[in-house]
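Below is one structure, written out as structure tokens, with a few remarks after it.
Atom set for the values below is all heavy atoms of this structure, side chains included, hydrogens, waters and symmetry mates excluded.
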Amino acid sequence: MSYRTLIFCILTLVSKTYGQQLGLPFSKYYSSHEYKGGIQNFAFTQSESGLIYVANNFGLLEYDGTTWRRYSLPNSTKIRDIFINDNGFIYTAGQGEFGYFYPNENGSLLFHSLVNELPEVFKNLGEVWKIFKHHDKVYFCTSEHIFIYDEQAKYSGIISSKSTFESFHLANNLIIINEWESGLQTIVNEVLIPMAYGTDLGDKLVTGIIPQTNEHFLIFTRDDGIFLQGPGGIESWKVDIPLNAKINKAFRLKDGTIAVGTQNDGIYVINEPNKITLHLDKQKGLQNNTILSFFEDIAGNLWMGHNNGITLLELNLPFRHIDQSSGLPGTGYDAHLIKNKIYYGTNYGVFVQSQEEEKASLALVPGTTGQVYWISDIQNQLLIGHNDGAFHVHDEKANLVEGANGIWNFHQLKGHSNLIISGGYNGLYLLEKHGDHLKLLRKLKGFNESSRIMEQDDDGNIWMTHGYKGVYKLKLNKNLDSVEATFYSIENGLPSNLWISVWKINNRLLFTTEQGIYTYNALKDTFERDTQFIAHFPDGELITSMVEDPLGNIFYIGNNEVGVLEKQVNGSYEKNHQIFNKIKHLLNDDLQNIALIKSNEVLFAAKEGFIWYRLEQKKQVAPSYPTMIRSVYLTGLADSIIYQGNYKNHREEFNPPKLDYHLGSIRFEFSNPIPNQESSTQFQFMLEGLEEDFGEWTKKRDKAYTHLREGNYVFHVRSKNLYGELGIVDSYAFSIAPPWYRSALAYIIYAILISSALFYLYKFLDQKHRQRAAIITEEQQKTLIQKEIALKDSHEEIERLRNEKLQAQIQAKNKELASATMHLINKNGFIDHVKSGVTAVMKKTKNQEVRHELEKVVHSIEKNIAGDADWEQFEIHFDQVHGDFIHRFKKEFSSLSPQEIKLSAYLRMNLSSKEIAYLMNISTRGIEIARYRLRKKLQLDRTDNLQEFILKF
């Protein structure tokens, strides 16, 4: 069985097989003070998400399972009828107004009037009594007119009355109008068509029409009873509802029965054989006798609108409450069915109710006033365990058995049909049955412990469990006047000596403990863990009451749950416990007990009377109600609401709000619209963006967060109902903007300010540093000046010495260069002189051989004069002396020939033309020509002196 599936038992038709249902349905009454509205409630409807809406004197009421809200019409008048279409429009009809409510972007319901769509002549409205949606049209009904609108809420037509429309009904997908004198008519193609025999009811106020078949209708009138209308005519439909009750409303329930609401006699529920199955009035379960409206919600609960207040009947539950409202006072302890009579034992006494009479009342059995613990029958003799002793009932009167006070229970002694053993406050008693009478034989010796819970095994041993001592096995002697007691505790395999109980299930003894169920192993004389039920009752589950019905179903009460193990065809059990959470808090917490009435039917002892339960075969899955965020508030000195929890069509998305930083304190209110579970539904929530997972389950229906930082958030909430079923998660997204001092603009400003501050700090520190450096520099400068003066003197002296040395070196080089040059000049002059002499001799000699040899000598001399080796050596020395002159000059004037370079070098040495002529082995005239050509290549003006130019280069 899925634990998410909630099993509800449908209220079935009453029949002789099942007998009369006991007690009254669970109910909840909402006063006008509680729902903060007017006294009269004319109609109900329910939204897709489960919200209940009520047409009230003060406007539209909305119930979300926790709180009520009220929305007024613009003219603040009564609302007579409501209807919700598939798009979520809440159509309303009231005094002088009709239209629809629809939520805005903030989830608040706003009213949109449709009166302005009407032609001007019809705008002066009276009461708008009813709304119907039929196919693609919506009908708004007044006493004089029926206004027709299309699905886009646009006016499309009108139907007018010839006299007065008395009432309006929807049955078998037909809109039926009861018009004064004209009787019953249906709307076909926006025209009124008379129904067969409808005129017979023209003078009667029809308050309800229930279809039986396509052609037969039950017609309910306020003052004249109920009629069955069909093709053959109209006849009276008899049911035991007094005429003076005045029927206000008739409503077909999902189980096929009919709820009839009256003006002054409450509600009747009847079935098709004209039998009343339930009647509630102010003396029996209701707070108000006047019923104005009915509505059955998606879970099968019946809502009733009173003249003052609202009642919720949980007819879908398989439980009924038998308490003071049913005529049974006090706390329930035990009950028993015998001879079609149910006997209820409470702390007030024993009360009896006949099952053969439909309206049988409860009556106190004479002589039983006081605390009752046990009711059972042995051989059709009704026995009562009472604080005052043992009673047997004869002729509806209780007779006290003298001699025994404080009796817990009775068991027929095995092997002795006329003997009964009874557990009392201080030991065991043996009683004897003689016909219809009972007498005490003796108190058994050998055992004086309080014996509230005990059972017999197949060997006749009596097993008694004590609440805080342990387990006793009691064996009677042959004379039946004393017992031998054997004590069992932890040493015998039991987990503890506390809270042990013994029950007879499956014809064997089970011992329930704090650590599960145990059985006794007779061969080992010890207790062992039971394996059959270990899957159904885990460790820690203490069973305080168990009973098995004739079909093998096991009903139980535990410390954590209440339920039934349903016996399956294959002998296994299916556990059903979620539905019983509804009654767990109502059960007697003194001496818990389950009284078996018949197969599938038990009575749970309750704090107020008893809870009746019948295990049905027909089951339905309960609808799942969603979790709903109902309000979102910004909190502070004064709360302000920003969301009111009403979704548009199918919960469509909305734009998450962006809140200013100072609005970062927020509170959420949430609910689940499960009716009548205000105090049992639990919630879990999580704020995504702050929390990583859902928190613990809590019954709180609001959650507040304060001083949230900037960021994107999503609030999630989910619910768990009384039966452990989870509701759909609801979410609300929002974001919080950063404070102005953490905005993007602020960070830009901060960057600018920080940069400026750093810049000015840098400038300030730099200035300080400069000032400090200036002082230090000034001091250092003075020191440096002094040192520089001294150093300068030293440098000047060194420079002077260096210059003197360089001058000496230059002079030496110049001398060396001059010497080399003069040597070269002398050599070239001498050679030239020798050449001239040899040439003269050569010219004078006539010997050709001598001439030839002399020509070789001249040629050799010329070759010697033209050689460059001396020049290269000269060039190296010359550049060393004259600052790399030749290299620089060549680079600057790359077009100069080698001869012109030589000429420039010789001019740099300030040699005369004659000396240069000797060095270059040309005539003086050739030197002048060469100087001229050099000037042109150097692009010198006539006024420029070639010698000075070269010396300055």
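Using a 3.5 Å distance cut-off with no hydrogens or angles, the side chains of Arg667 and Thr635 do not pair a donor with an acceptor. No hydrogens or angles considered: nothing links the side chains of Arg630 and Ser671 as a donor-acceptor pair under 3.5 Å.
Shown here are the ring pair (Phe, Tyr, Trp, His ring centres under 6.0 Å) partners of Tyr713, two or more places apart in sequence or in another chain: Phe734. Applying the salt bridge (charged side-chain N to carboxylate O under 4.0 Å, His left out) criterion to Asp660, with sequence neighbours excluded, gives no partner residue. Listed by chain and number, the residues in a side chain to side chain contact (heavy atoms under 4.5 Å, CB included) with Lys700 are Thr698, Asp702 (sequence neighbours excluded). The salt bridge (charged side-chain N to carboxylate O under 4.0 Å, His left out) test applied to Lys890 returns Glu875, not counting sequence neighbours. Listed by chain and number, the residues in a side chain to side chain contact (heavy atoms under 4.5 Å, CB included) with Thr67 are Asp64 (sequence neighbours excluded). In this structure, the side chain to side chain contact (heavy atoms under 4.5 Å, CB included) partners of Ser113, at least two apart in sequence or on a different chain, are Glu97, Phe111, Val115. Asp944 pairs by the salt bridge (charged side-chain N to carboxylate O under 4.0 Å, His left out) definition with nothing, not counting sequence neighbours. Residues passing the salt bridge (charged side-chain N to carboxylate O under 4.0 Å, His left out) test with Lys154 are Glu117, sequence neighbours excluded. With sequence neighbours left out, Ser913 forms a side chain to side chain contact (heavy atoms under 4.5 Å, CB included) with Thr924, Ile927, Glu928, Arg931.
In summary, the aromatic rings of Phe764 and Tyr760 are positioned with their centroids too far apart to meet the 6.0 Å limit.
Pairs engaging residues 684-704 under the ring-ring contact (aromatic ring centres under 6.0 Å, His included) rule: Phe670-Phe685 [sequence neighbours left out]. Note on residues 755-779: pairs passing salt bridge (Lys or Arg N to Asp or Glu O under 4.0 Å), not counting sequence neighbours, are Asp766-Arg770.
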Side-chain donor-acceptor contacts of residues 750-758 below 3.5 Å, not counting sequence neighbours, with atom names and distances?
from	atom 1	to	atom 2	distance (Å)
Tyr750	OH	Tyr741	O	2.4
Ser755	OG	Ala751	O	2.6
Ser756	OG	Ile752	O	2.8

List the steps, then state whether ring-ring contact (aromatic ring centres under 6.0 Å, His included) holds for Tyr155 with Tyr149. CA-CA 4 Å; Tyr155 173 77; Tyr149 283 72; 5.8 Å; yes

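Expressed to the nearest 0.5 Å, how far CG of Leu708 lies from CD1 of Ile736 amounts to 4.5 Å. Distance check, rounded to the nearest 0.5 Å: CZ of Phe668 to OG of Ser631 gives 11.0 Å.
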